[in-house]
Amino acid sequence: MTASAVTTAPPAAIDKRAFRNALGAFTTGVTVVTTRDGSGRDVGLTVNSFNSVSLEPPLVLWSLARSSGSLPAFMDAEHFAVHILAADQEPMSNLFAQRGADKFAGIDVARGEGGVPLLPGCSARFRCRTAFRHEGGDHEIFVGEVLGFEAFERAPLVFHRGGYAVAVKKRPTVAASVPPAAEPLEGSISRDALVYLLGSAHAMLLAGLRPALSARGLSDDDYFVLNILSVGLPRTVADLDALMSLAGRRVSPAQLASLTQRGLAKACASQPGAWMLDDAGTRAMLEMAAISKAAEEDALQQIDYSETHLLKHLLKRVIRNTSRELQPSLWPAG
């Protein structure tokens with residue numbers, strides 16, 4: 001049987017922007033590759049073309065545009081290091097993506113083979129000897145023999161469709177033999193409903209704080225008011241009431257008077273009709289901030305950094321999406 005011909009478009013017919021966008025569907029890690037040039041100057045740049053080649057011998061590769069000003073340093077270098085950035089290292093990725101910046105200023109670098117700078121705080125790091133170089137169109141492909149590596153078990157920074165993303169581990173699929181959870185009664189709120197999940201999480205976290213609140217003579221409503229005031233902006237009763245309403249609570253002049261009598265809040269001298277924290281309120285909220293952080297870490301102990309970051313990011317979006325008219329300033333865009 002004669003094989004049917006496969007028709008392909010000539011390279012010139014490919015839309016470069018569309019091609020780049022299609023490649024963006026492939027999620028990659030983010031790395032910074034460093035070396036030292038012939039004059040002893042540290043050189044580094046952000047790269048997402050890193051990949052493994054071989055386990056035996058241990059080989060990795062990455063590529064660099066021929067138009068890059070850093071190309072001569074890497075073409076002449078005998079050694080380089082690849083740093084897989086951690087999820088909280090977006091600033092480092094942005095720094096090393098710049099041209100002409102003093103990229104290593106203020107960074108406490110170690111030194112690898114050939115004096116190559118080694119960056120701290122990454123997810124993993126590979127110290128390499130340049131084994132091969134290959135021409136690859138408008139890029140030079142570098143293949144490195146791994147001389148040593150360090151893995152720090154930190155969640156990685158990832159890149160997808162032209163922007164940073166968060167890598168979240170997918171939980172194992174429940175075996176078919178495990179019976180499904182009982183269906184909720186007809187007319188009840190599903191346990192998968194967002195309002196049920198958020199309400200349950202809020203109630204459980206707040207319950208863990210109540211002993212500390214009680215010890216300081218604070219009610220739930222007192223805590224919410226002081227928490228809003230702790231942001232640092234003076235708030236009128238109307239402002240406080242509007243923000244409290246997001247949590248299904250209200251505030252009154254009588255409650256503010258009670259907080260004032262206890263030295264927790266005070267009238268703002270520079271803004272008539274507005275309130276701010278007093279000294280005792282500041283101390284109480286600093287103490288509660290530490291207690292709240294400990295409770296948060298306990299609740300998130302089986303959730304890694306990427307999942308925590310994503311959870312908080314999505315909750316802020318939910319808050320903004322459900323309060324479009326008010327748009328409270330407690331949650332800046334992010």
Side-chain angles (χ1 to χ4, degrees), residues 86-88 121 153-155 166 168 194-237 239-268 274-320 322-323 326 328-334:
D88 60 352
E153 302 300 328
R154 305 192 68 205
V166 177
V168 179
L194 186 60
V195 65
Y196 175 84
L197 294 172
L198 292 177
S200 297
H202 172 263
M204 292 177 183
L205 286 170
L206 187 56
L209 299 181
R210 284 200 179 102
L213 292 174
S214 179
R216 290 162 178 77
L218 299 175
S219 66
D220 291 358
D221 285 348
D222 291 339
Y223 177 59
F224 276 82
V225 171
L226 296 176
N227 210 18
I228 294 171
L229 293 178
S230 69
V231 174
L233 298 176
R235 302 282 186 177
T236 65
V237 175
D239 291 338
L240 290 167
D241 191 57
L243 289 165
M244 288 279 284
S245 69
L246 294 174
R249 299 173 183 274
R250 308 309 297 259
V251 65
S252 66
Q255 184 186 3
L256 285 171
S258 173
L259 292 172
T260 301
Q261 290 173 0
R262 289 180 279 165
L264 298 168
K266 64 181 179 180
C268 179
W275 301 82
M276 58 191 296
L277 287 182
D278 206 344
D279 293 342
T282 300
R283 288 194 300 271
M285 292 313 295
L286 286 174
E287 293 169 357
M288 288 305 305
I291 294 167
S292 177
K293 182 63 176 177
E296 176 183 312
E297 291 179 352
D298 184 59
L300 300 175
Q301 59 183 315
Q302 295 183 6
I303 301 178
D304 65 24
Y305 173 87
S306 295
E307 293 172 319
T308 299
H309 178 78
L310 179 60
L311 173 64
K312 292 181 177 180
H313 175 72
L314 293 178
L315 286 175
K316 290 176 183 178
R317 289 176 61 180
V318 168
I319 291 168
R320 286 195 295 272
T322 53
S323 59
L326 188 60
S329 59
L330 287 181
W331 299 280

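Legend: salt bridge (Lys or Arg N to Asp or Glu O under 4.0 Å) pairs involving residues 253-265, not counting sequence neighbours, sorted by first then second residue: Asp222-Arg262. Within the structure, salt bridge (Lys or Arg N to Asp or Glu O under 4.0 Å) pairs that include any residue of residues 198-216 comprise Arg210-Asp220, Arg216-Glu287 (at least two apart or interchain).
Using a distance-only test at 3.5 Å, with no hydrogens or angles considered, no donor-acceptor pair links the side chain of Asp241 to the main chain of Arg250. Listed for the Ser292 side chain is no donor-acceptor partner under 3.5 Å among the backbone atoms of Ala289. Between the side chain of Ser230 and the backbone N or O of Asn227 there is at least one donor-acceptor pair closer than 3.5 Å.
Residues Val225 and Arg235 have side chains not in contact (no heavy-atom distance under 4.5 Å, counting atoms from C-beta outward). Two residues are said to be in side-chain contact when any heavy atoms from C-beta on lie closer than 4.5 Å; Ile228 and Val251 fail this criterion. When side chains are defined from C-beta on, Leu233 does not count as touching Asp239, because their heavy atoms never get closer than 4.5 Å.
The two residues Leu198 and Leu315 come nearest to each other via the heavy atoms CD2-CD2, 3.3 Å. Closest of all the heavy-atom pairs between Gly121 and Ala86 is O-CB, 3.5 Å. Nearest approach of Leu209 to Ala295, heavy atoms of both residues: CD2-CB, 4.1 Å.
The side chain to side chain contact (heavy atoms under 4.5 Å, CB included) check on Asp221 picks up Ser219, Met244, Arg249, Gln255, with sequence neighbours excluded.
For the atom pair CD of Glu296 and CG of Asp298, the computed distance is 11.0 Å after rounding to the nearest 0.5 Å. Taking CG from Leu229 and CG from Leu259, the interatomic distance works out to 8.0 Å, rounded to the nearest 0.5 Å.
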Just list the side-chain donor-acceptor pairs under 3.5 Å for residues 274-283, sequence neighbours left out, or say none.
unit_1, atom_1, unit_2, atom_2, d
Thr282, OG1, Asp278, O, 3.1

